[in-house]
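The structure appears below as C-alpha cells.
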Protein chains: 2
Amino acid sequence: MKNNSDISSFISDFSTNCSKVQIKKFNKGETITTFLVNRNQFCVIISGSADLVRYDYNGNRIVTERFSKNSIFGEIFYHINTNSEFVVEAKEKSEVLLFSYDDINEKCKANCPFHEQLKSFFPNLVISKITELTSRIELLSRRTTRDKLLGYFNLLSKQHGKSFTLPFSITELANYLVVDRSSMTRELSILKKDEFIKQERNKITLLY
Amino acid sequence: MKNNSDISSFISDFSTNCSKVQIKKFNKGETITTFLVNRNQFCVIISGSADLVRYDYNGNRIVTERFSKNSIFGEIFYHINTNSEFVVEAKEKSEVLLFSYDDINEKCKANCPFHEQLKSFFPNLVISKITELTSRIELLSRRTTRDKLLGYFNLLSKQHGKSFTLPFSITELANYLVVDRSSMTRELSILKKDEFIKQERNKITLLY
DNA sequence: TATAATCTGTTGCATTTGCAACATCCTTTT
DNA sequence: AAAAGGATGTTGCAAATGCAACAGATTATA
C-alpha cells in the first residue's frame, strides 16, 4: 500500500521530462518565488522549509506563514493585490517542486508519469492545507491574546504533549497570531506568573 | 469542453447507488450536519446556501462562515475540539452532497460513476476553498477594524464594482471579521462621515 | 575574539476595542 | 393592524492592545 501523504517518497520515481514541472534546490535565504502576477503557480516542498514573508511600509520583515515538507503554496491560492508583496524564502537548504497548475487532470502528454503521481498525492496535500488554514482562522478568531496563545499551545500539545518547542521564534509567533510582540510577551509573563505555563524563549511547558 | 467548477451540472448524470454518497435536501433552518466526532465527513453544496454556526456560552448564535453553491465543508477540515460546537444550518431550501471521505481515488466498486465525476470536480472545489480561506486570513490579519472593513470591501468591489450588497447582515459581518458589532458600526459611521463610503444596512458604495 | 545585529523582555502611555445599555427601525407573526 | 422579536445605530466607560523606547541576552559576522 502506497503512502499518499509524503510526496518526497515518489520524487525519484518519475522522470522529470514533464514539460510543466521543475524541481529546484534552494540554499538558505534564497527566494523560491514571489506572488506578484498570476501564473497559476503551484508549489510543494519536498525537503527543507520556507517562510512566506512580507515587507511592510517600514521595510520590516514579517513572516506570515511557514511551510515545511509536503506544504503547498503558490500564487494560485492568492488574490493578488498590488499593494502587498509576498516572497517565499528558503529557511534552510530545500527542494521544491514548482509547476503551473491548469487542471490536475490535464496531462502534458498521454502518459506523463509525473501527472499520474501528482494526481495521487494531490488530495492529501490539499486537504491538510485546508485543515491547517481552518485552524489558523480558528486561532485568529479569538478575541484576546491570551486565548490565541492558549489555543495555539493546545494544538501543539495534541501533537507533542505538554512540553514542546515552538516552530517559531517569539517574534514570529506574534506575527503568526497577529498580535503586537511586546503585548504578547507581556501576556506570556502573566501566564508564567499565574503558573499556567513555563516558558523560556520558544520552549513551552503547559502546567494544566 | 466540460466545466469543472460547477458541481450541480453533473449531479443528474450519475446514478446515486454509490454506497458512500448521499444527496439530501434541506429546508430553511434545518441542520445539515454538526462537527462533533470524526467521521471524515466531506460535504458540497449543490444548491442553496448554509451557515456554519456556533453557539457561545451565553447561547448566542454566531455565524462563522457562509457556504453557497460549490462550497465544501465538513468535519474532515477541522481539528475537532470538545469545547466548541459547530452546526451547519440551511439558510434556504438547499441540496447537499454528503459523503465519507477516505481517499478520493478509492472507489466503492470498480466503475462507480460518482467517484469518477467527483474526481474531476474535486481539484477546482478544493483550490477555491483554499483561496477563500487565504483571503479570510489576510483580512483577519489586519490590525484595525477599519482596515478589515476596507479590505473586505475591496474584495467585493473587485467582483461587483463600487456598489454592492454584502452577503452578510451587519451583525454577521462583524462575526465574519471578528470584531465587536457596535464597534464596527461605530467605524462604519466614521467612514461615512469622512465620505469614504456610503452605507445603509448591508448596501455599500465605495466613494474612492 | 570583538563587534554588530537581532531577539527578548519590560514598562508607560495613547489608542482602539469590547461591553453594556438603550432607542429606533425593520420584519415577522398573530 | 398590533405586537413581538430581531437588527441597527449610538454612546460612555473599562479593559486590552498597540506603540515606543530601552536594557539585557543571544546569535551572527568581521
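Remember, it's a predicted structure, so these values are computed and weren't measured experimentally. Just so we're on the same page: letters track the sequence lines, and every chain starts at 1.
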Inset, instruction - Evaluate the side-chain proximity of B:Leu52 to B:Tyr78: yes if any heavy-atom separation is below 4.5 Å, no if none is. - result: yes
Ring geometry between [Y] and [X] (parallel below 30°, tilted from 30 to 60°, perpendicular above 60°):
X	Y	value
B:Tyr152	B:Phe168	tilted
A:Phe73	A:Phe67	parallel
A:Phe153	A:Phe164	tilted

For atom [atom1] of [X] and atom [atom2] of [N], their distance in whole Å:
X	N	atom1	atom2	answer
B:Lys148	D:dG18	NZ	C1'	14 Å
A:Arg142	D:dT17	CZ	P	13 Å
A:Phe168	C:dT8	CZ	P	13 Å
A:Leu140	D:dT17	CG	C1'	16 Å
B:Glu187	D:dT11	CD	P	14 Å
B:Leu177	C:dT16	CG	P	18 Å
A:Asn175	C:dT8	CG	C1'	14 Å
A:Asp180	D:dA20	CG	P	10 Å

Inset, instruction - Mark up nucleotides 4-9 of chain D, 5' to 3', with B wherever a protein heavy atom is under 4.0 angstrom from a base atom, S wherever such an atom reaches only the sugar-phosphate, and - elsewhere. - result: ---SBB
Inset, instruction - Would you kindly check whether a donor in the side chain of B:Arg186 faces an acceptor in the base of D:dG12, or vice versa, at under 3.5 angstrom? - result: yes
Legend entry - Distance test, side-chain N/O of B:Thr144 to OP1/OP2 of C:dT16, below 4.0 Å: no
Inset, instruction - Kindly check if the number of other-residue, nucleotide or ligand heavy atoms within 6.0 Å of NZ (B:Lys192) is above 12? - result: yes
Inset, instruction - Mind listing the closest non-hydrogen atom pair of A:Glu30 and A:Lys25 along with its distance? - result: OE1-O, 4.3 Å
Inset, instruction - On DNA chain C, check which nucleotide each of A:Arg143 and B:Lys28 is closest to and give me the residue with the more 5' one. - result: A:Arg143
Inset, instruction - Give a yes or no on whether a salt bridge exists between A:Arg66 and A:Glu172, defined as a side-chain N under 4.0 angstrom from a carboxylate O. - result: yes
